[in-house]
Structures are given as structure tokens and as C-alpha cells.
2 protein chains.
Amino acid sequence: MNKLDPLLHQELRLAIISFLATVERADFKKLLEVTEATKGNLSVQISKLQDAKYIKVTKTFKGKYPHTQCAITPTGSKALEAYVMAIKNLLNL
Amino acid sequence: MNKLDPLLHQELRLAIISFLATVERADFKKLLEVTEATKGNLSVQISKLQDAKYIKVTKTFKGKYPHTQCAITPTGSKALEAYVMAIKNLLNL
DNA sequence: TTAATTTGGTTTATATTGTAAACTAGTTTA
DNA sequence: TAAACTAGTTTACAATATAAACCAAATTAA
């Protein structure tokens, strides 16, 4: 069987990484907006993607406020590509 | 957001229903074979799909042995179609 | 000036879900 | 008649997801 990467087979993480695949980078606020997730959930799922090195997270300050930016890594791109292949195959697409 | 039907967004259930979408019906043994799942897991996931009326399960006897057949329902077909649309959209396909 | 609210998150408690091991019930084979 | 096989189901435990609660600092309102 063509196992689906369990890290990517979760709606919010898939939404995050698919979005990051279409942009150079996105900050926490932007991801909140496009995914419509809660902050807690978004934070947790970003961490998991980061732990797997599927995304790179950069924390800086924008003026006086913290600012978290995320970008997909080559590892993440490959994983997403593999996931897309696998699910297409599963769904006969 | 285009929420993914949580009942279908699970690998084994997705494998079951996608396969059933391509055949008229399939028995437990065939589903075991194509999904490579354990019997316990397959049994549980079949029940969940049945509870949602996404598939119809028919229990008969084949000779002296029980024989369980599964077929996708119109409800299941629509749900699968919707899932495919939603995930395509999510994955920018 | 100090209390309340907002920004930008993280932690964690709970609920939900997934899964394989253990079980059931009967059949066949040795 | 005991062992092994067929065809599943039940269930106990592990893993996961998620929102509520929290945190630190900044801003605004009274």
C-alpha cells in the first residue's frame, strides 16, 4: 500500500503546508487567517511541522511585538509531493 | 474553509470507500486484501462507514461460513465526491 | 497611574480516535 | 478430539487533536 504520511494527513497541517507551498513565507497571523484555526491549534501544528523539518520557523520582532514566520523546506516540499501522489493514487485521480 | 469530512479523512476508511467506488461490491476478504489492514481495524472502520450509511453491509452465508459484502451507497458516493473536491481544493489540484 | 484590553503567541487537559490484541463462534483437518 | 483455520467482532490501550487556559509584553481607556 501507499501509506499516507500521517504528519501530513491532518487537515490543519495539510492546510498550513499546502498554503506555504504557494508562497515564499507566511506569518502566524496570515496562517490564522487562511486556515481559520484557533491560535492554540495553529501553534501546536506549526510545531509538529517544524519538528519534522517540513517547515522552517523564524521568530523575530516586528517593532515591539513577536513575529513568527514560516516557510516550507525542501524536505517539506518533497513530503507534500509524496503525499499528493499517494492520495491521488488512493482516490483514483 | 472547505472542511474535510472527518469520517472520510482517515486512511483506511478512505481506502475502503475509494475501492468500493470502483466495484459493484466487495467482501471482507477482498477488502482485507486490497487495504492490507488487520481484520479488527477493517471491521471497526466498516462499521463506522455503515453507521453513516456511506456503505451497505450484507451478511449472508457462503456455504457454512459467514460472508460479509459491502457496497457503496448513493450517500457514500456523494460524500466521497465532496471529499475529493475539498481535498483537491486544499491541495491546489 | 493603574486597570482593562489587545497582541501574539504557548501550554496542557480533555475528548476523540485509531489500532492491534484478544476474543467469539463455528468448521475443517489430522 | 485436539489443533488449526475461517470469518469476523469486541475492547483496551495508545496516539492524536483541539480548545481553553495561560503567559508576557504593549497599548488604550478611565
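Every value quoted in this text rests on a predicted model; they were computed, and no experiment measured them. Here is the naming used below: chain letters follow the sequence lines, and residue numbers restart at 1 for every chain.
- Between the CD atom of B:Q50 and the P atom of D:dT9 there is a distance of 9 Å, rounded to whole Å.
- For the residue pair A:K48 and A:L7, the shortest heavy atom distance occurs at O-CD2, 4.1 Å.
- Distance B:D51 CG to D:dT10 P: 11 Å, rounded to the nearest Å.
- Contact between the side-chain N/O atoms of A:K30 and the OP1/OP2 oxygens of C:dG8 is not found at any separation under 4.0 Å.
- A salt bridge links A:E33 with A:K30: the closest approach of a Lys/Arg side-chain nitrogen to an acidic carboxylate oxygen falls below 4.0 angstrom.
- Taking 4.0 angstrom as the limit, B:K59 places a side-chain polar atom (N or O) nearer than this to OP1 or OP2 of D:dT9.
- We find that CD of A:Q10 is positioned 14 Å from C1' of D:dA19, with the value rounded to whole Å.
- Within the structure, a side-chain polar atom (N or O) of B:T38 is placed less than 4.0 Å from OP1 or OP2 of C:dA20.
- Mapping A:H9 and A:G40 onto DNA chain D by nearest heavy atom places A:H9 at the nucleotide closer to the 5' end.
- Here B:T68 reaches the OP1 or OP2 of D:dG8: one of its side-chain N or O atoms lies under 4.0 Å away.
- Atom P of nucleotide D:dA19 and atom CD of A:E11 are separated by 11 Å, given to the nearest angstrom.
- Note on B:K39: every side-chain N or O is 4.0 Å or more away from OP1 and OP2 of D:dT9.
- In this entry the distance linking CG of B:L32 with C1' of C:dT19 reads 14 Å, nearest Å.
- Distance CG (A:L31) to P (C:dG9): 10 Å, rounded to an integer number of Å.
- Between D:dA19, C:dT19, C:dG9, one nucleotide has an atom nearer to the side chain of B:N41 than all others, and that is C:dT19.
- Which of C:dG9, D:dT9, C:dT7 sits closest to the side chain of B:S43 comes down to D:dT9.
- Note on A:R13: every side-chain N or O is 4.0 Å or more away from OP1 and OP2 of D:dT16.
- With rounding to whole Å, B:E33 atom CD is found 13 Å from D:dA7 atom P.
- Proximity of a side-chain donor or acceptor of B:T73 to a complementary backbone N or O of B:K53 within less than 3.5 Å is detected.
- Taking all atoms of both residues into account, the shortest heavy-atom contact from B:A26 to B:F19 is CB-CE2, 3.8 Å.
- Checking B:H67 against A:Q45, the closest nucleotide of DNA chain D that is more toward the 5' end is the one next to B:H67.
- Nearest nucleotide to the side chain of B:K64, out of C:dT28, C:dG8, C:dT17: C:dT28.
- Atoms NZ (A:K62) and P (D:dA25) sit 21 Å apart, rounded to a whole Å.
- Of all non-hydrogen atoms in A:G76 and A:I17, the two that sit nearest each other are O-CD1, 4.0 Å.
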